[in-house]
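As the structure is a computational prediction, the values presented were derived from the model and not from experiment. Sequence lines set the chain letters: A, B, ... in the order given, protein chains first and strands last, and positions in each chain run from 1.
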Amino acid sequence: MISTNPSLHKEKKSRNDLNEMLQETSALTWRLFIQLIRRPSTLFAGILQPLIWLLLFAALFSKAPVDFLPGGSSYGEFLGAGLIVFTAFSGALNAGLPLMFDREFGFLNRLLVAPLSSRSSIVISSVIYITSISLLQSFAIMVTSALLGYGWPSLGGFFLIAITLLLLVFAITGLSLGLAFVLPGHIELIAIIFIANLPVLFASTALAPISFMPEWLGWIASINPLTFAIEPIRMAYHNSVNLNAVLINAPYGEVNGYTCLVILLILTVGLFFLIRPLLNRKLA
Amino acid sequence: MFFIHLRDLFKSYGPVRALDGLNLTVPRGSLYGLLGPNGAGKSTALRIICTLLAPDSGRVEVGGCDVLLEEKETRRRLGYVAQDVAIDKILTGRELLQLQGDLYHLDNKYKRKRIEELIQRLDMHEWIDRRCGSFSGGMKRRLDLASGLLHEPELLILDEPTVGLDIESRSVIWGLLKELRNNETTILLSSHYLEEVDELADEMAIIDKGKVIASGKPDDLKKELGGDRVTLRVREFSDEVEAESVRKLIKNINGVSNVVVNQKQGYSLNFLVQNNDVISNLSGHLSKENFEVFALSHSRPSLDDVYLQATGKTLMDAELELAGKRDFKLENKKSMR
């Protein structure tokens, strides 16, 4: 006999809100990982694309003079940091897609009808998932880069890379989730991802230093968030970690490692406050 | 004792008024049917009760909770089976139920026991461990129903639960709904299938253009019509003037009531007769005024007759009329958060 049990609801009331939030967040996160395990193509594509770039671009400039780049590094070594950041950036930019599909196919309504302890669980699960994937993809690029002889960071450098990537991924994931609620459908979201992805990469110091760029592009590159993530990582690869060191010789002045991280932190917090009212409204 | 109470609900989507002062009272422990054509406002009303939509104005109570103020408590009490089945194609049926259990904060032991119970009851054991993407419409609907029932809700809301289903799935779902009703679960069901509401509902309301135009027990509503339903055509293709002349003639016959001209069916006349003698004498009355009987049918009143009486058109005609006017793009947009 299928039954209903009103006393069940009274029992449930006594449960801790935090436990409930943990239960729903972990279930929603696990759902995203099941999707990934059963459809791993996006994970591999996210690793393959920057890997191909690493192989081709490094080969393209392999015969460049030793003092071609600042610091005397090879182009492969120079490129590694840019591609690690690009990998994390691309992954985070796609964060809104699963949520957009849930909106379009009505699955989000299933979540919104449930008595979630906090509807932030929906956003938090997406952030946990995308952050894990982006870090995993970036790590794969780091390992490949090391195997190609382009170096491996020290423990301190590794820590700096992790912090930098986390800040960038949180910021871009927030932006992408915000877009997933604002835009009418996945076509529009994919269009924005396509439009943003490569120009943001080219207008950063991922592929070339600011000194190689015309002045107007140098200005853009020196305010591009990717540059503030790339340069600390480049430092983590090539020098000992010294956040007081000048990392960017921007047209508006010199920028050291601390400033890069603070700018990324401001970006993350700023974007969080920008999209919070939107998420509150959409998930109300 | 009511479980759901809607008072003066208004809701518009841009220029389209979906609810126009809807009032509804659903008794506790009853299976209540909402009947009306697509686009009448049934889904909008259900989405408001489920906290998915806020009305422009009005008041909604579920089990003593003010839905607009106590959203979370309302959600705990209800299970919702939406019109468009929203499942994750990559998950298996069992994984979807486990996810649903976690969203309702069920503990693991209880969750496993309840999932097994529902798998057996809804006859899902053969396919529950397959991915949802491979399920037929009937399988998806059964799974969705199991999701809605997992946390043992006091109120189950079903929006068009058997649309497009095979006979077996429909039978399983109807059987379960009857069982739940006998077990005192309050069920609110929307449908545009007359036979579904007739078969299942203890009480019902007919919704047209966002408001209730008739409500009560299905049998009482049919009885209120006062007799058997007759459909008369004096020619194969009559016209408005002729139909109106016949209507004036018939309405004065003793034992005839509720004469309606059905424009959509070639200006046929629908009316009620108190006994068979009235039908026997009908052709005599008509021939005196030079009308003939081209076709005449006679039946026990159905819910369609109740609908016809209230709106002047059949449910099917209302569906067709609204089909041309519906903006599916807007409806799709409104269903997205």
Options B/Asp88, B/Thr74, B/Leu156, B/Leu91, ranked by heavy-atom pairs under 4.5 Å with chain A, top entry: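 Among B/Asp88, B/Thr74, B/Leu156, B/Leu91, the one with the most close pairs to chain A is B/Asp88.
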Residue, of A/Ser121, A/Ser26, A/Pro115, that accumulates the most heavy atom pairs under 4.5 Å with chain B: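 Most pairs with chain B among the choices: A/Pro115.
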Top of A/Arg39, A/Arg110, A/Glu24 for chain B proximity - count of heavy-atom pairs under 4.5 angstrom: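 Of the candidates given, the most pairs with chain B belong to A/Arg110.
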From CA spacing to verdict: side-chain contact (heavy atoms from CB on, under 4.5 Å), B/His105, A/Asn19: CA-CA 9 Å; B/His105 315 116; A/Asn19 284 342; over 6 Å; no
[X] versus chain A, heavy atoms under 4.5 Å apart: side chain, backbone, both or neither?
X	value
B/Leu122	neither
B/Thr186	neither
B/Gln120	neither

Inter-residue atom distance [X].[atom1] - [Y].[atom2], 0.5 Å rounding:
X	Y	atom1	atom2	value
B/Gln98	A/Trp30	CD	CH2	10.5 Å
A/Leu116	B/Lys72	CG	NZ	8.0 Å
A/Asn109	B/Asp84	CG	CG	9.5 Å

Test side chain to side chain contact (heavy atoms under 4.5 Å, CB included) applied to A/Arg31 and B/Leu99, B/Ile90, B/Asp102, the passing residue: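 Considering B/Leu99, B/Ile90, B/Asp102, a side chain to side chain contact (heavy atoms under 4.5 Å, CB included) with A/Arg31 is found only for B/Leu99.
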Neighbour count >12 (heavy atoms, 6.0 Å) for atom [atom1], [X]:
X	atom1	result
A/Phe159	CZ	no
A/Phe139	CZ	no
B/Arg130	CZ	yes

Pair A/Arg119 + B/Glu71: basic N to acidic O under 4.0 Å: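 Salt bridge: no.
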Interface moiety of A/Phe105 toward chain B, non-hydrogen atoms closer than 4.5 Å: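 The backbone, not the side chain.
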Heavy-atom check, side chain of A/Val113 versus side chain of B/Leu78, under 4.5 Å: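 Yes - at least one pair of side-chain heavy atoms lies under 4.5 Å apart.
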B/Arg75 to A/Leu112 - nearest heavy-atom pair and separation: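 Shortest heavy-atom separation between B/Arg75 and A/Leu112 comes out as NE-O, 3.2 Å.
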A/Gln23 side chain vs B/Leu106 backbone, donor-acceptor pair below 3.5 Å: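 Confirmed, A/Gln23 side chain pairs with B/Leu106 backbone.
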